[in-house]
Amino acid sequence: MASLLGAKSNGVRTIMFTSNNFNKFPETAALLEAMIDEQPGLSFFVQCDTQIDRKEHLMELRGKAGCFQMFVGLESFDRQTLLTEHIPLVLGHGRLAITVLILLCIVTWGSCS
C-alpha cells in the first residue's frame with residue numbers, strides 16, 4: 001500500500017498490475033481490501049486467466065477497490081492445445097465471470113494465440 005500511496009501523492013492516477021495472473025497470488029485479497037480501506041483514489045487494471053470464476057469474491061473486491069478494466073488471457077480456443085498445456089477451459093464458467101465483471105462495471109477483454 002505504501003508504494004500505491006506514494007504513487008498517488010506524486011500525481012499517478014492509474015496503475016497497471018503487471019502480473020499475468022493477478023487472481024493467483026495469495027496476497028491479492030489482502031491488497032484489494034487494503035485499497036478499499038485506504039481509498040487511495042487510484043484506478044487500476046489487471047490481467048487474469050480464465051479461472052477467475054473460481055475466486056468470485058475477488059471480482060467484487062476488484063470493483064470496490066477501483067479496478068476499471070481486466071484483460072483475460074484465453075490462451076487458445078483449440079481444446080487439444082488447452083489439454084496439452086493443462087489449462088482447463090470451461091466456457092460456461094468464463095461467461096459467468098464476464099457477466100459478473102460487467103455488472104461490476106469492469107470492462108473486460110481478452111485474447112488468445
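Each residue takes its place number in the sequence, starting with 1.
Considering SG of C67 and CG of L61, their distance stands at 11.0 Å, rounded to 0.5 Å. Considering CG of L58 and NZ of K24, their distance stands at 12.0 Å, rounded to 0.5 Å. Between M16 atom CE and Q69 atom CD the span is 9.5 Å, to the nearest 0.5 Å.
N21 and C48 make their closest contact through OD1-C, 4.0 Å (heavy atoms, listed as atom of the first residue, atom of the second, distance). Across all their heavy atoms, R62 and F22 have their closest contact at NE-CD2, 3.8 Å.
The shortest side-chain heavy-atom distance between M35 and M1 falls under the 4.5 Å cut-off. Within the 4.5 Å cutoff, the side chain of E38 has heavy atoms near those of the L5 side chain. At a threshold of 4.5 Å between non-hydrogen side-chain atoms, the residues N23 and T28 do not count as touching. Side chains of L31 and L4 form a contact here, defined as non-hydrogen atoms less than 4.5 Å apart.
At a threshold of 4.5 Å between side-chain heavy atoms, the hydrophobic network of Ile, Leu, Val, Met, Phe, Trp and Tyr places V12 and L32 in one connected group.
Legend: residues meeting salt bridge (charged side-chain N to carboxylate O under 4.0 Å, His left out) with K8, ordered by chain and number and at least two apart, are absent.
With hydrogens and angles ignored, the 3.5 Å screen pairs no side-chain donor or acceptor of T14 with any backbone N or O of F44.
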